Protein chains: 2
Amino acid sequence: MDLSDVRRHHLSVVLEHLVCSGPRSRAAIAQETGLTKATVSTLITDLLDRGLVQELDTPTAGRVGRPATDVGAAGHSVGALGLEIDVDEVAACVVDLTGTVRTVHRHTAGNRDVTARTVIHRLRDATQRAMADAAHMGIDCIGATLALPGLVDPNEPTLFVAPNLHWFDADLRSLATQLRLPEHFPITMDNEANLGALAELRHGAGQQFDSFVFVSAAGGLGAGIVLDGRLLRGAHGFAGELGHVVVDPSGKPCACGARGCLETLLHSDVNPDELARHLADALRTVVHLIDPEAVVLGGSLAAFGDEFALAVADHLHADTLGARWHPCAVRRSTLGADAALVGAATAALDRIISDPTIVPTRALAH
Amino acid sequence: MDLSDVRRHHLSVVLEHLVCSGPRSRAAIAQETGLTKATVSTLITDLLDRGLVQELDTPTAGRVGRPATDVGAAGHSVGALGLEIDVDEVAACVVDLTGTVRTVHRHTAGNRDVTARTVIHRLRDATQRAMADAAHMGIDCIGATLALPGLVDPNEPTLFVAPNLHWFDADLRSLATQLRLPEHFPITMDNEANLGALAELRHGAGQQFDSFVFVSAAGGLGAGIVLDGRLLRGAHGFAGELGHVVVDPSGKPCACGARGCLETLLHSDVNPDELARHLADALRTVVHLIDPEAVVLGGSLAAFGDEFALAVADHLHADTLGARWHPCAVRRSTLGADAALVGAATAALDRIISDPTIVPTRALAH
DNA sequence: CCCCTTTAGTTCGGATACTGTACTAACTCG
DNA sequence: CGAGTTAGTACAGTATCCGAACTAAAGGGG
């Protein structure tokens with residue numbers, strides 16, 4: 001039936017609106033989504049039945065007319081698992097639908113040159129703890145996403161290459177069982193920069209932009225590209241390899257085969273001024289190709305402070321073709337080191353948002 | 001009503017399928033789109049009433065069962081106007097829904113350093129002729145798109161900068177009246193590389209790819225980026241400025257302010273081998289950032305022949321991170337110099353495809 | 001203090017588009 | 001020439017959305 005597709009779509013629209021734009025009244029939702037008050041009403045009762053939204057005790061704003069009862073995404077019933085493997089740590093967290101991080105377990109460990117099996121074993125501990133916490137809080141985890149520092153195909157559970165981990169062609173099909181998650185537990189994986197961008201889009205500096213580029217400097221250098229509120233993953237999930245934009249063709253050889261990749265400069269000793277210029281050089285290319293509204297500096301780049309962001313912006317605007325009319329904003333990440341991890345959980349939560357009917361309705365007799 | 005939106009959407013899906021994938025039977029459409037035979041039947045009769053599709057005399061393939069009557073996009077009733085202003089010519093064409101170019105009027109003229117008014121005057125002649133031809137053939141033009149060699153905002157009728165025309169901030173709001181087109185005639189404009197990419201997507205080398213980058217070398221150097229079958233225009237319509245990817249930071253200064261842009265190398269005397277290497281350098285960056293399935297070489301680059309494309313592919317694959325698993329294909333354009341012009345008409349036709357109900361139904365008394 | 005106005009949210013009838021099944025149409029094969 | 005096969009249509013059933021009317025709950029004015 002295509003009729004139920006319509007309903008599914010509308011449920012998704014309403015839920016996404018509440019998750020992204022915050023709690024509001026049914027009347028406001030109707031106005032903002034273009035749906036009828038009547039339709040929104042039935043949609044909300046449906047979402048209430050599924051435990052995805054909840055009515056809030058609104059502080060009655062002394063306005064004329066019947067006071068509204070706001071509804072917002074529910075934080076008490078469902079959530080998702082965010083997982084991360086990085087060069088020097090593993091981590092697991094649980095985030096609920098309101099975007100609140102309910103529990104985090106980080107475990108410092110040198111993962112470079114260690115077999116995937118060992119690292120996943122380390123991740124299992126954190127995962128089990130996070131799942132136990134979720135169960136304790138009565139939160140039902142509907143899926144997980146794993147953030148990895150390398151090339152990942154979201155469609156196939158294979159990590160192609162993670163230069164900084166020294167991993168190649170790791171097969172991650174049995175990940176769910178290796179982590180001792182329930183059978184058929186939905187688990188996906190993605191590049192850490194992509195997931196960081198998703199986190200910024202929903203909860204951070206990207207909220208005010210429709211399209212932006214999130215620069216993730218954690219170990220390697222990657223970028224997550226958001227266009228029209230959606231992640232650009234590329235045909236094979238390889239998009240956003242900002243670290244391999246060539247800045248200096250006569251520079252040092254890079255692991256990728258080329259010379260003078262931006263990433264080679266990051267590893268060598270450069271002062272912030274120099275780094276800002278090189279980064280701006282690479283970002284200029286990005287802006288010329290993608291034309292985003294903004295660049296969000298994440299990871300260690302955010303730690304450099306506002307002057308650094310301003311320096312990058314200055315260098316960037318100087319020689320960019322369209323900057324005269326629409327200069328690309330440069331902002332610092334507001335999520336810090338948690339961006340990729342929170343983004344992983346957010347990605348898993350997106351399964352609910354894009355199809356709320358996967359959560360069963362608790363047929364409330366009445 | 002949202003119910004009629006569903007219908008509109010389905011009409012659009014069916015029409016797009018016919019335009020993009022060619023004529024076929026109702027049964028085939030049903031199977032391929034996932035709609036029911038019954039639904040497709042009513043959708044097709046609707047599209048027939050609007051004159052957007054037509055039944056074809058199928059050469060009866062001696063297969064068992066009742067023979068199918070194929071329906072295909074109609075070439076007799078509606079079309080769109082494609083316009084182009086380039087450095088050394090203006091052009092107008094009419095393309096019908098089947099993608100057939102019904103008439104072309106090209107007019108060679110040096111447009112550099114000439115006022116916009118004068119150039120538009122030149123374009124008016126070609127436009128008038130094309131429109132007259134269309135009227136003669138009984139084709140109703142439902143809109144026009146103008147291809148321009150510069151930065152254009154598709155939402156606002158302003159050309160920001162066309163370096164090769166030496167135009168800056170040209171206001172093109174009164175374009176329809178200056179071309180003596182009917183009042184309220186829908187006219188849009190876009191970058192020539194974007195439109196070339198659209199043409200390749202629908203009628204050329206891009207048909208077999210979901211996402212690819214079309215490189216347009218006509219005067220300047222631009223790229224049209226297609227992702228998931230849709231044009232990536234960027235937040236302000238500035239995306240795809242491949243010519244300003246820096247290939248050699250110590251190179252010649254470019255009009256954009258930077259040094260060693262790819263475009264500066266194109267103008268100077270380089271042999272094809274050198275050009276292939278520089279182009280591959282720039283494309284490597286594109287592949288790292290966007291991860292397309294293929295690159296389509298257009299304009300004068302297509303004229304270099306297959307060896308050139310192979311050379312580019314070799315250089316490109318050598319140092320690209322993901323090439324080992326998913327090498328990016330390199331193809332030559334199949335449309336030649338007409339790509340942008342045909343693409344302009346195609347863009348205008350897209351108005352019908354995305355909403356077939358804008359064409360009135362000729363209530364056929366039955 | 002009562003009633004009018006305003007805004008929020010629900011109920012109900014009506015319209016519409018999709019689905020599945022059953023049907024007719026048109027052709028091939030034996 | 002009939003059985004089998006595939007194309008396309010007709011029709012009843014169902015689910016959804018919309019609009020209008022309705023109830024609910026507050027403020028404000030006389």
Side-chain angles (χ1 to χ4, degrees), chain A residues 1-14 17-18 23-49 53-72 355-357 361 364 366, chain B residues 1-15 17-18 23-50 53-72 355-357 361 364 366:
Chain A
M1 291 210 228
D2 211 71
L3 242 15
S4 66
D5 282 351
V6 173
R7 183 130 191 105
R8 209 189 337 267
H9 178 248
H10 285 156
L11 285 170
S12 164
V13 165
V14 169
H17 193 64
L18 287 177
R24 63 238 295 107
S25 70
R26 293 165 173 85
I29 296 169
Q31 204 174 6
E32 289 155 9
T33 60
L35 295 163
T36 327
K37 278 197 303 177
T39 307
V40 171
S41 216
T42 67
L43 290 168
I44 291 290
T45 48
D46 190 333
L47 291 172
L48 282 168
D49 277 0
V53 301
Q54 62 191 140
E55 293 194 323
L56 307 173
D57 293 340
T58 323
T60 335
R63 280 225 323 269
V64 80
R66 172 177 168 178
T69 57
D70 285 2
V71 286
D355 182 7
T357 61
T361 162
L364 289 174
H366 182 52
Chain B
M1 292 210 228
D2 212 71
L3 241 17
S4 66
D5 282 351
V6 173
R7 183 128 191 106
R8 210 191 334 270
H9 177 247
H10 285 157
L11 285 170
S12 165
V13 164
V14 170
L15 184 57
H17 192 64
L18 287 177
R24 64 235 300 111
S25 70
R26 293 166 173 84
I29 298 169
Q31 203 173 8
E32 289 154 10
T33 59
L35 295 164
T36 326
K37 278 199 303 178
T39 307
V40 171
S41 214
T42 66
L43 290 168
I44 291 290
T45 48
D46 190 334
L47 292 172
L48 281 168
D49 278 0
R50 301 188 134 88
V53 302
Q54 63 191 139
E55 293 194 322
L56 307 172
D57 293 339
T58 321
T60 336
R63 280 225 322 270
V64 77
R66 172 177 168 178
T69 56
D70 284 2
V71 287
D355 181 7
T357 61
T361 163
L364 288 175
H366 182 59

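Numbered from 1 within each chain, the chains take letters A, B, ... in sequence-line order. Just so it is clear, the model here is predicted, and its values are computed rather than measured.
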- What integer distance in Å separates A:Gln31:CD from C:dG9:C1'? 15 Å
- Message: Measure NZ/A:Lys37 against P/D:dA21 and give the value in whole Å, please.
- Response: 13 Å
- Distance, rounded to the nearest Å, where B:Glu55 contributes CD and D:dG8 contributes C1': 10 Å
- Item | Contact summary for B:Leu56 and B:Val71, nearest pair of heavy atoms | CD1-C, 4.4 Å
- Task: Rounded off to whole Å, could you give me the CG-to-P distance for the B:Leu35 and D:dG8 pair?
- Result: 15 Å
- Query: For A:Leu35, does its backbone N or O pair with a side-chain atom of A:Thr39 as donor and acceptor, under 3.5 Å?
  - Reply: no
- Would you say C:dG9 has OP1 or OP2 under 4.0 Å from some side-chain N or O of A:Thr69? yes
- Item | side-chain hydrogen bond (donor to acceptor under 3.5 Å, both in side chains) partners of B:Thr69, counting only residues at least two apart | B:Arg26
- Task: State which residues pass side-chain hydrogen bond (donor to acceptor under 3.5 Å, both in side chains) with A:His17; sequence neighbours excluded, sorted by chain then number.
- Result: A:Arg24, A:Glu32
- Between D:dG8 (C1') and B:Leu43 (CG): distance, integer Å: 14 Å
- Message: For a quick check of understanding: with a heavy-atom distance under 4.0 Å over all strands, which category does B:Thr39 fall into, base, sugar-phosphate or nothing?
- Response: base
- Task: Check every strand shown and say whether B:Thr42 touches a base, only sugar-phosphate, or nothing at a heavy-atom separation below 4.0 Å.
- Result: nothing
- Compare side-chain N and O positions of A:Thr36 against OP1 and OP2 of D:dC17 and report whether any pair is under 4.0 Å apart. no
- Interatomic distance, CD1@B:Ile44 vs CG@B:Asp49, rounded to 0.5 Å, equals 11.5 Å
- Task: With sequence neighbours left out, write down each residue that passes side chain to side chain contact (heavy atoms under 4.5 Å, CB included) with A:Ser25, or none if nothing qualifies.
- Result: A:Ala27, A:Ala28, A:Ala68, A:Asp70
- Task: Check the distance between D:dC18's C1' and A:Arg26's CZ and give it to me in whole angstrom.
- Result: 19 Å
- Query: Quick one: side chain to side chain contact (heavy atoms under 4.5 Å, CB included) partners of A:Thr357, sequence neighbours excluded?
  - Reply: A:Arg8, A:Leu11, A:Arg50, A:Asp355
- Item | Contact under 4.0 Å: A:Arg7 side-chain N or O vs D:dA15 OP1/OP2 | no
- Message: Between C1' on C:dG9 and CZ on A:Arg24, what's the gap in Å once rounded to a whole number?
- Response: 17 Å
Are there any protein N/O atoms within less than 3.5 Å of an N/O atom in nucleotides 4-6 of chain D, and if so, which ones and at what distance?
| unit_1 | atom_1 | unit_2 | atom_2 | d |
| --- | --- | --- | --- | --- |
| D:dT6 | O2 | B:Arg66 | N | 2.9 |

- Message: Does a side-chain N or O of B:His10 approach OP1 or OP2 of C:dA17 to a distance below 4.0 Å, or not?
- Response: no
- Task: Using whole Å, report how far NE2 of A:His9 lies from C1' of D:dC17.
- Result: 14 Å
- Task: Indicate, with a heavy-atom threshold strictly under 4.0 Å, whether B:Ala68 touches base, sugar-phosphate, or nothing.
- Result: sugar-phosphate
- Query: The side chain of B:Ala38 lies closest to which of these nucleotides: C:dT19, C:dA8, C:dA17?
  - Reply: C:dT19
